[in-house]
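Keep in mind that the numbers below use all heavy atoms, side chains included, and drop hydrogens, waters and symmetry copies.
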Amino acid sequence: AEQGGMAIEKTRLLERIRSNSLLFLDLASGINSTLDINEVLHNLTVKVSESLGMMGATIRLLNEETDELNLVAHHGLSETILSLGQHTDIATTSAALKGETVIVEDAADDNRTRYKKELAQEGVGSMIITPITAREKVIGILRLYSPYVRRYSQDVVTMVQALAHQGGLAIQNASMYLKLQEDREALEADVWSHRSWF
């Protein structure tokens, strides 16, 4: 009976690993399949939220000049929640900006949570806050909201971290592509202005 129980547990574990691997592959492929910045952000918020059973997500990118987090994408949340969180001095945000992933299992009972009343009104039970990095530099934060008080298994946390990292690279690539497009258009305009050369 003990051997049978161990075999069942091992089968469940392998199935979960397989399922999570396929989910990660699908989400990472979607994130990296385009250079359209809006589609990248959509995949990081909508698809990740839906696939992991979250109620919503926000992406805020760090503005180094103002030291604020600018909201660039969101899904499933009210304007009240979206109006919060641009400040970098919130405990969970500060930790994420230092490269840590923060798990808030119970938003109503965690003393790192600043806006308990607003989160309760929104129906938020728990959160995952993870840095978005590009070339080993934190460029922003992905915050996922769940309607349930819950513990997150390490494989789910690792997947969220990996997806945020993939998202950071995709955001950087899309930004570079936009810059190249702008430079190309500027060059074409400059060359066209000197058409008398031809």
Side-chain angles (χ1 to χ4, degrees), residues 24 27-28 30-49 52 54 56-104 107 110-116 118-119 122 124 126-145 152 157-187 189-190:
F24 175 77
L27 291 171
I31 289 167
N32 290 297
S33 66
T34 180
L35 288 172
D36 182 333
I37 190 73
N38 293 319
E39 198 171 332
V40 168
L41 296 172
H42 172 84
N43 287 335
L44 264 175
T45 52
V46 178
K47 287 193 173 179
V48 171
S49 291
L52 296 179
M54 299 295 199
T58 59
I59 294 176
R60 293 182 182 273
L61 296 182
L62 183 62
N63 183 330
E64 293 181 343
E65 293 179 8
T66 63
D67 197 38
E68 288 187 342
L69 288 161
N70 297 333
L71 182 68
V72 296
H74 59 87
H75 168 67
L77 301 164
S78 71
E79 288 300 320
T80 301
I81 293 297
L82 297 177
S83 68
L84 309 173
Q86 71 268 27
H87 304 293
T88 58
D89 61 344
I90 301 169
T92 54
T93 302
S94 294
L97 288 173
K98 291 175 185 168
E100 300 172 32
T101 295
V102 180
I103 308 299
V104 176
D110 194 308
N111 52 9
R112 297 170 297 176
T113 306
R114 180 179 289 182
Y115 303 106
K116 287 184 171 62
E118 291 84 353
L119 290 170
E122 188 80 7
V124 175
S126 61
M127 296 179 287
I128 301 177
I129 304 101
T130 195
I132 297 173
T133 57
R135 294 187 181 174
E136 299 182 13
K137 180 180 178 181
V138 176
I139 63 169
I141 291 174
L142 170 64
R143 192 179 289 256
L144 296 168
Y145 299 81
Y152 296 93
V157 173
T158 300
M159 185 189 306
V160 169
Q161 291 170 322
L163 289 169
H165 180 67
Q166 289 289 316
L169 295 174
I171 289 168
Q172 186 178 49
N173 289 342
S175 298
M176 289 171 62
Y177 178 72
L178 282 174
K179 179 77 169 75
L180 286 171
Q181 290 290 93
E182 290 168 7
D183 289 348
R184 191 193 79 187
E185 288 170 11
L187 178 62
D190 189 47

| request: Report yes if the side chains of Asp89 and Arg114 come closer than 4.5 Å at any heavy-atom pair, otherwise no. | output: yes
| Do the side-chain N and O atoms of Glu122 and Ser78 include a donor-acceptor pair separated by under 3.5 angstrom? | yes
| request: Could you pull out the closest heavy-atom pair between Ile103 and Asp110, with the gap in Å? | output: O-OD2, 4.4 Å
| field | Thr101 to Pro131 - nearest heavy-atom pair and separation | value | OG1-CD, 3.9 Å
| field | Heavy-atom side-chain contact between Leu163 and Met159 under 4.5 Å | value | yes
| In Å, rounded to the nearest 0.5 Å, how long is the span from OH of Tyr152 to CD1 of Ile128? | 5.0 Å
| query | Would Leu44 and Ile171 count as a side-chain contact (heavy atoms from CB on, under 4.5 Å) if you check the C-alpha gap in whole Å, the side-chain angles of each, and the deciding distance to 0.1 Å? | reply | CA-CA 10 Å; Leu44 264 175; Ile171 289 168; 4.2 Å; yes
| said: Among Leu142, Leu82, Ile141, exactly one meets side-chain contact (heavy atoms from CB on, under 4.5 Å) together with Thr58. Which residue is that? | reply: Leu82
| task | Can you measure from CD1 (Ile132) to CD1 (Ile59) and round to the nearest 0.5 angstrom? | result | 5.0 Å
| remark: Closest non-hydrogen atoms of Ile129 and Ala96, given as atom of the first, atom of the second and distance, are CG2-CB, 3.8 Å
| query | Which of these passes side-chain contact (heavy atoms from CB on, under 4.5 Å) with Leu62: Ile139, Val138, Asp67? | reply | Asp67
| query | With a 4.5 Å heavy-atom cut-off, do Arg112 and Val102 have their side chains touching? | reply | yes
| request: Tell me, yes or no, whether the heavy-atom count around Lys137 atom NZ, taken from other residues, nucleotides or ligands under 6.0 Å, exceeds 12. | output: no
| task | Go through Ile90 and Leu84 one step at a time and tell me if the side-chain contact (heavy atoms from CB on, under 4.5 Å) criterion holds. | result | CA-CA 10 Å; Ile90 301 169; Leu84 309 173; over 6 Å; no
| request: Compare all side-chain heavy atoms of Leu144 with those of Ser49 and state whether any distance is below 4.5 angstrom. | output: yes
| message | One pair to check against side-chain contact (heavy atoms from CB on, under 4.5 Å): Leu169 and His165. What are the steps and the verdict? | response | CA-CA 6 Å; Leu169 295 174; His165 180 67; 3.8 Å; yes
| message | For Leu41 versus Ala73, what's the shortest heavy-atom pair and its separation? | response | CB-CB, 3.6 Å
| query | Side chains of Met127 and Arg143: closer than 4.5 Å at any heavy-atom pair? | reply | yes
| field | Any donor-acceptor pair under 3.5 Å from Ser94 side chain to Ala91 backbone | value | no
| Nearest heavy-atom pair of Ile81 and Arg60: which atoms, and what distance? | O-NH2, 4.3 Å
| said: Could you report the tightest heavy-atom contact between Ser126 and Val104, atom names first, then the distance? | reply: CB-O, 3.0 Å
